[in-house]
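In what follows, a single structure is set out as structure tokens and then discussed.
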Amino acid sequence: MTDIPLLWSSGARKEVMDLLRRLWSHGDEATREAVSTLLVAGPPEALLARLDLDRRTLSRDRRIFDRLSILQRLGEPPLTAALEAEAGRLRGLYPEWEVAEGERADFSTWMEFRVGPDTRLKVNDLARMEPEELAVELREASDEREGALENWREFAAQDPAKAVDVLQLTPTEPDQADIWVHGLWGLRDQARSPDTRNRLLPLLLGLPDGLLNQADVARAAADVLEVAAKARPSPGAGDPFWAVFDRVLAAAARDPDNAEAPERGGWVGLAINRSMGSLASAFFDALFGRGLKVGQEIPDDALARLTRLLTPAEPGHRPARVIAASRLSYLYAVDPDWTRAHLLSLFDWRDEVEATAAWQGFGWQPRIDERLWQALKPYFLPSFTPERLEGLGTAGTQLAAMLMLVGVEFGVDELPRDAARDAIRAMPERLKSEAAAWIASYLRDLADGAVDELSADDAWVQRVGPLLARVWPPEPDPHGRGVASQFARAIVALDETFPQALQALLPHLVRGSADMVLHELAASAHPERHPRETLTLLHRCIDIDQIWMANELRNILDRLRAAAPEIAEANEYRRLDERLRAAAR
């Protein structure tokens, strides 16, 4: 399959992963946008043709996941909105997927060789022991303890019933904490099983404070609860789950790691890796499982726990508040009065640290409707200062897109002209590109029939055109190549209003690498229906020295000439045509 792009080649996987990192870290906005589009599009069908039909989707998604995860690990620059959405889709479909640590992720297979055993207690040895014998062996392991505990953790995952038997025979003194921690880690993913859950919860409930209050034990117990909360039916008010939850919450409040501040403002990453964050996720999964209706209000038993969980102004509970902020839309729908009174104030920029954490939580998986927007609106536009946007990290990407969504979906009058323009001016180039990318994706979805709403042309006339005229700063940005590429894609998504949109956005079009514009333009009828305007778009956007898709450009130029022969005499046409011919020699 010599026609398979290098990006998807298994034989050059290491080289591909290195190249992706370089392109993402050192490329410009247009380069990252091109990489993003190629990844979301996935491998070509020819690569998957040898697989059975039921395996093709799985193989396709795994290839995207592996490459996307490499970029996600870099942290900066952040993923584009399209890649964030794809990452969310893949997490939802395949929650069990993980990427190997370090350079292992660059290889399809990995082999390691060690000199000498880490421990004589291998997993198979543990499996052959009776619970009583195994409990004694774990207690007495000393020089080989680290290796023995790692194998004990693996064994617990493989045989949860026997692992619970062993824990029942394990002393509950603080000096035995490591046995409990590794055992609970191994049992974590089995906690959704009714059998394991029903035996494990009473065991946790009976742990003495001296053991449970140890930070590692509390963290492991919180992890177990996070998985157990996903079991259905959801735990009711009298379920042992909640008694364990209350004890672990009290223990987690003593863990100093919950009060840490993250490096580079990564509040979501910290929250999901702290016991308070795990407990918050467990709480909301269990609450969601009750099937509460819009406006039903949070039940009293859950409300009391939620108040203790969030404990406003207490730094050690901030990871829980970050998770709560990520569930803002759900909480506001179920209980708007409580949410207005207790949660929305977290987004107020009078407390910079709290607001940064809350907005990052919300930006992790943002959902908003018009009612929530009205409640959140006073705190939204103040988020757009250079310092705050920098502190928000990847959440700033979501806020940039949301600015456009609000104007399009809720009405242009929702955004004061001057404040909205100042908000866009405060964005760095990458966020302006993300805002423009939302517009392009919105129009493309309408053009493709992905949503049953207006036509793309009607949306431009009634919503998008008026919004951009009102809020997008009128001054051209000579360095705004990412914005130019996305606005060009928005123009190409249109039909009859293609010339009108081109005229409106022409001041913002600058030359840069615009391969996706070429790809989408070549797939459209614009070269035949609007030859002059198509040439103008090409002239303003295409940097012939950076073009990757010369064949696409050649195709478009030939179609322009066939549709309007006189166009071949235009200076813009001749510039592109002559450079292509010179490059082909």
Quick check: does any side chain N or O of [X] sit under 3.5 Å from a backbone N or O of [Y], one acting as donor and the other as acceptor?
X	Y	value
Asp457	Thr497	yes
Asn273	Gly269	yes
Gln360	Gly391	yes
Ser329	Ile368	no
Arg232	Ala229	yes
Thr339	Asp335	yes
Arg559	Ala522	yes
His530	His526	no
Gln486	Ile439	no
His539	Leu576	no

[X] side chain near [Y] side chain, heavy-atom distance below 4.5 Å:
X	Y	result
Arg581	Arg554	yes
Trp364	Ile323	yes
Val322	Val268	yes
Leu331	Phe284	yes
Leu537	Val492	yes
Tyr573	Arg561	yes
Glu434	Thr80	yes
Leu376	Tyr332	no

Please find the pair of heavy atoms, one from [X] and one from [Y], that lie closest to each other, and give the distance.
X	Y	result
Val517	Ser485	CG2-O, 3.5 Å
Ala493	Ala447	O-CB, 3.3 Å
Ser36	Leu83	OG-CG, 3.4 Å
Ala563	Glu528	CB-CA, 3.9 Å
Trp472	Ala436	CH2-N, 4.3 Å
Ala501	Leu494	CB-CD1, 3.3 Å

Evaluate Met402 against Gln398 for side-chain contact (heavy atoms from CB on, under 4.5 Å), listing each step before the verdict. CA-CA 6 Å; Met402 190 177 296; Gln398 304 299 336; 5.7 Å; no
Quick test of your reading of the model: are [X] and [Y] salt-bridged, counting only N-O distances below 4.0 Å?
X	Y	answer
Arg575	Glu572	no
Asp66	Arg63	no
Glu496	Arg529	yes

Got more than 12 heavy atoms from elsewhere within 6.0 Å of [atom1], [X]?
X	atom1	value
Asn551	CG	no
Gln503	CD	no
Tyr330	OH	yes
Arg290	CZ	yes

Using 0.5 Å steps for rounding, measure from the [atom1] atom of [X] to the [atom2] atom of [Y].
X	Y	atom1	atom2	value
Cys541	Ile491	SG	CD1	7.0 Å
Leu39	Leu71	CG	CG	6.0 Å
His508	Leu468	NE2	CG	7.5 Å
Gln462	Ser455	CD	OG	8.0 Å
Leu518	Ile556	CG	CD1	5.0 Å
Arg511	Arg540	CZ	CZ	8.5 Å

Gln72 vs Phe65, side-chain contact (heavy atoms from CB on, under 4.5 Å): CA-CA, chis, key distance, verdict: CA-CA 10 Å; Gln72 200 167 31; Phe65 175 83; over 6 Å; no
Whether the Asp348 and Ser345 side chains hold a donor-acceptor pair (N or O, under 3.5 Å, no angle test) is what I'd like checked.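 Asp348 vs Ser345: no donor-acceptor pair found between side chains.
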Who passes side-chain contact (heavy atoms from CB on, under 4.5 Å) against Glu390, sequence neighbours left out?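 Result, side-chain contact (heavy atoms from CB on, under 4.5 Å) vs Glu390: none returned.
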Arg421 and Arg470: CA distance, side-chain angles, deciding distance, side-chain contact (heavy atoms from CB on, under 4.5 Å) verdict: CA-CA 8 Å; Arg421 285 185 174 178; Arg470 178 184 178 89; 5.9 Å; no
For residues 380-387, run the donor-acceptor check on the side chains, cut-off 3.5 Å, and write out each pair with its distance to 0.1 Å, sequence neighbours left out.
{"unit_1": "Ser383", "atom_1": "OG", "unit_2": "Trp349", "atom_2": "NE1", "d": "2.9"}
{"unit_1": "Ser383", "atom_1": "OG", "unit_2": "Tyr379", "atom_2": "O", "d": "3.2"}
{"unit_1": "Ser383", "atom_1": "OG", "unit_2": "Phe380", "atom_2": "O", "d": "3.0"}
{"unit_1": "Thr385", "atom_1": "OG1", "unit_2": "Arg388", "atom_2": "N", "d": "3.2"}

What residue among Pro77, Pro78, Ser433 forms side-chain contact (heavy atoms from CB on, under 4.5 Å) with Arg32?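 Of Pro77, Pro78, Ser433, side-chain contact (heavy atoms from CB on, under 4.5 Å) with Arg32 is met by Pro77 alone.
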Dump the intermediate steps for side-chain contact (heavy atoms from CB on, under 4.5 Å) on Val334 and Val294, then the final yes or no. CA-CA 5 Å; Val334 169; Val294 172; over 6 Å; no
Can you classify the ring geometry of Phe362 versus Trp359 as parallel (below 30°), tilted (30 to 60°) or perpendicular (above 60°)?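 If you compare the ring of Phe362 with that of Trp359, the planes turn out perpendicular.
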Do any pairs count as a salt bridge (charged side-chain N to carboxylate O under 4.0 Å, His left out) and have a residue in residues 405-420, sequence neighbours left out, and if so which ones?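 The answer is Lys377-Glu414, Glu409-Arg463.
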